[in-house]
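My questions will all concern the structure given below.
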Amino acid sequence: MDKDVHIGKQISICANRIHRKIGKEAARYGITGVQSRVIGFIYHESHKRDIFQKDIEEELDIRRSSVTSVLQLMDKNGYIKRLSVSEDARLKKIILTEKGMEIQKNVHDFILKFERSLSDELSDEEANTLINLINRLSEKIAD
């Protein structure tokens with residue numbers, strides 16, 4: 001392997017390009033890339049269970065203070081609602097509003113098309129190898 005090639009740098013560049021591409025699409029609907037990831041997570045998981053701020057922090061690996069400010073802005077802009085739960089008034093269940101659901105559908109459709117365009121670039125064998133390698137490296141650096 002070329003000694004000037006840095007695996008971490010290449011992965012980071014690729015991930016940044018993906019986030020920018022999705023962020024650009026999300027911006028068409030007035031939200032950030034992080035907000036679109038939060039909306040997607042709430043949408044996909046809320047069918048199975050109640051979603052709380054801690055779930056978002058863990059799933060997206062984002063600090064509590066960052067999630068707090070993102071959720072406050074999303075609530076203010078009408079994408080989510082935070083509802084108290086009867087067992088503990090301090091806990092706030094997070095749900096999507098109709099506005100949030102509409103954005104989720106549009107951004108999700110874009111992501112599926114974008115994913116297909118990436119997959120079309122690789123054979124099935126290459127795609128499986130890539131996923132296995134990324135997972136292996138990710139496990140190696142996990143905290």
Side-chain angles (χ1 to χ4, degrees), residues 1 5-143:
M1 184 171 86
V5 173
H6 299 281
I7 294 170
K9 180 181 178 187
Q10 292 305 123
I11 291 171
S12 183
I13 289 169
C14 186
N16 285 339
R17 287 178 179 168
I18 290 169
H19 284 146
R20 263 199 308 274
K21 188 99 166 160
I22 294 169
K24 190 174 177 184
E25 180 67 14
R28 291 183 53 210
Y29 303 99
I31 63 171
T32 66
V34 170
Q35 288 174 332
S36 75
R37 289 170 55 211
V38 169
I39 287 173
F41 173 68
I42 296 167
Y43 176 80
H44 290 290
E45 289 298 311
S46 62
H47 302 315
K48 304 173 210 157
R49 61 190 170 107
D50 288 345
I51 302 299
F52 300 96
Q53 177 168 333
K54 186 145 191 59
D55 300 317
I56 295 167
E57 293 165 14
E58 290 170 1
E59 175 67 21
L60 302 180
D61 195 23
I62 304 173
R63 287 186 309 274
R64 183 178 181 189
S65 58
S66 299
V67 174
T68 297
S69 56
V70 166
L71 291 178
Q72 284 172 341
L73 186 60
M74 291 176 73
D75 193 0
K76 180 180 167 213
N77 289 334
Y79 306 127
I80 63 164
K81 283 189 177 164
R82 292 186 279 188
L83 307 173
S84 295
V85 292
S86 55
E87 312 88 69
D88 185 344
R90 294 170 300 176
L91 277 179
K92 303 276 190 228
K93 175 171 93 167
I94 302 165
I95 61 164
L96 290 180
T97 62
E98 282 296 318
K99 190 175 178 184
M101 295 282 254
E102 183 67 25
I103 288 172
Q104 159 58 23
K105 183 193 176 329
N106 291 326
V107 174
H108 184 70
D109 289 349
F110 170 81
I111 290 170
L112 291 178
K113 276 192 268 190
F114 179 57
E115 282 282 335
R116 266 194 303 281
S117 78
L118 293 177
S119 295
D120 289 348
E121 219 29 60
L122 305 172
S123 69
D124 288 349
E125 185 180 341
E126 286 173 325
N128 288 331
T129 300
L130 177 63
I131 295 302
N132 289 332
L133 292 172
I134 289 171
N135 287 339
R136 200 163 104 204
L137 292 175
S138 188
E139 285 297 313
K140 181 172 178 60
I141 59 177
D143 291 330

Open item on the list: Working to the nearest 0.5 angstrom, can you tell me the gap between L96 CG and I80 CD1?
Closed with: 8.0 Å
Task: Contact check, side chains of I103 and I31, non-hydrogen atoms, under 4.5 Å - done: yes
TODO: Please identify each residue that fulfils salt bridge (Lys or Arg N to Asp or Glu O under 4.0 Å) with K99, with sequence neighbours left out.
DONE: none
- [ ] Keeping to residues at least two apart or across chains, list the salt bridge (Lys or Arg N to Asp or Glu O under 4.0 Å) pairs with something in residues 107-117.
- [x]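 Found K105-D109.
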Task: Ring geometry between Y43 and H47 (parallel below 30°, tilted from 30 to 60°, perpendicular above 60°) - done: perpendicular
Per-pair distances, 0.1 Å, donor-acceptor, side chain in residues 131-142, under 3.5 Å, sequence neighbours excluded:
residue : atom : partner : partner atom : Å
N132    : ND2  : N128    : O            : 3.1
N135    : ND2  : I131    : O            : 3.3

TODO: Sequence neighbours left out, what passes salt bridge (Lys or Arg N to Asp or Glu O under 4.0 Å) with E58? Give chain and number order.
DONE: K54
TODO: Just jot down the side-chain hydrogen bond (donor to acceptor under 3.5 Å, both in side chains) partners of S84, sequence neighbours excluded, or say none.
DONE: K92
Open item on the list: To the nearest 0.5 Å, what is the distance between CD1 on I56 and CD1 on I42?
Closed with: 4.0 Å
Open item on the list: Which heavy atom of D55 sits nearest to which heavy atom of D50, and what is that distance?
Closed with: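 Scanning both residues, the minimum pair turns out to be OD2-O, 3.7 Å.
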Open item on the list: Main chain of E57, side chain of D61: is a donor-acceptor contact present, judged purely on distance under 3.5 Å?
Closed with: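 Absent.
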Task: Qualifying ring-ring contact (aromatic ring centres under 6.0 Å, His included) pairs, either residue in residues 49-108, two or more places apart - done: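 Listed once each, the pairs are H44-H108.
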TODO: Decide yes or no for I39 and M101: does some side-chain heavy atom of the first lie under 4.5 Å from some side-chain heavy atom of the second?
DONE: no
Donor-acceptor pairs are to be reported for all side-chain atoms of residues 64-73 against protein atoms at under 3.5 Å, with residues two or more places apart or in another chain.
residue : atom : partner : partner atom : Å
T68     : OG1  : Q53     : NE2          : 2.8
T68     : OG1  : R64     : O            : 2.9
S69     : OG   : S65     : O            : 3.4
S69     : OG   : S66     : O            : 3.0

Open item on the list: Nearest 0.5 Å, please: how far is CG in L130 from CG in L122?
Closed with: 6.5 Å
Task: Heavy-atom donor-acceptor pair, T97 side chain to G78 backbone, under 3.5 Å - done: yes
Open item on the list: So, using ring pair (Phe, Tyr, Trp, His ring centres under 6.0 Å) as the criterion, who are the partners of Y29 when residues are at least two apart?
Closed with: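 Counting only residues at least two positions away or on another chain, Y29 forms no ring pair (Phe, Tyr, Trp, His ring centres under 6.0 Å).
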Task: Pairs meeting criterion salt bridge (Lys or Arg N to Asp or Glu O under 4.0 Å) with involvement of residues 5-26, two or more places apart - done: E25-R28
TODO: List for me each residue that meets side chain to side chain contact (heavy atoms under 4.5 Å, CB included) alongside E87, sequence neighbours excluded, and say none if there are none.
DONE: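 Only V85 meet the side chain to side chain contact (heavy atoms under 4.5 Å, CB included) criterion with E87.
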TODO: Please round to the nearest 0.5 Å and tell me the distance separating atom CD1 of I111 and atom OG of S36.
DONE: 5.5 Å
- [ ] Using the salt bridge (Lys or Arg N to Asp or Glu O under 4.0 Å) rule, collect all pairs that involve residues 66-77, keeping only residues at least two apart or in two chains.
- [x] D75-R82
TODO: Go through the structure and list residues passing side chain to side chain contact (heavy atoms under 4.5 Å, CB included) with S123, not counting sequence neighbours.
DONE: E125, E126
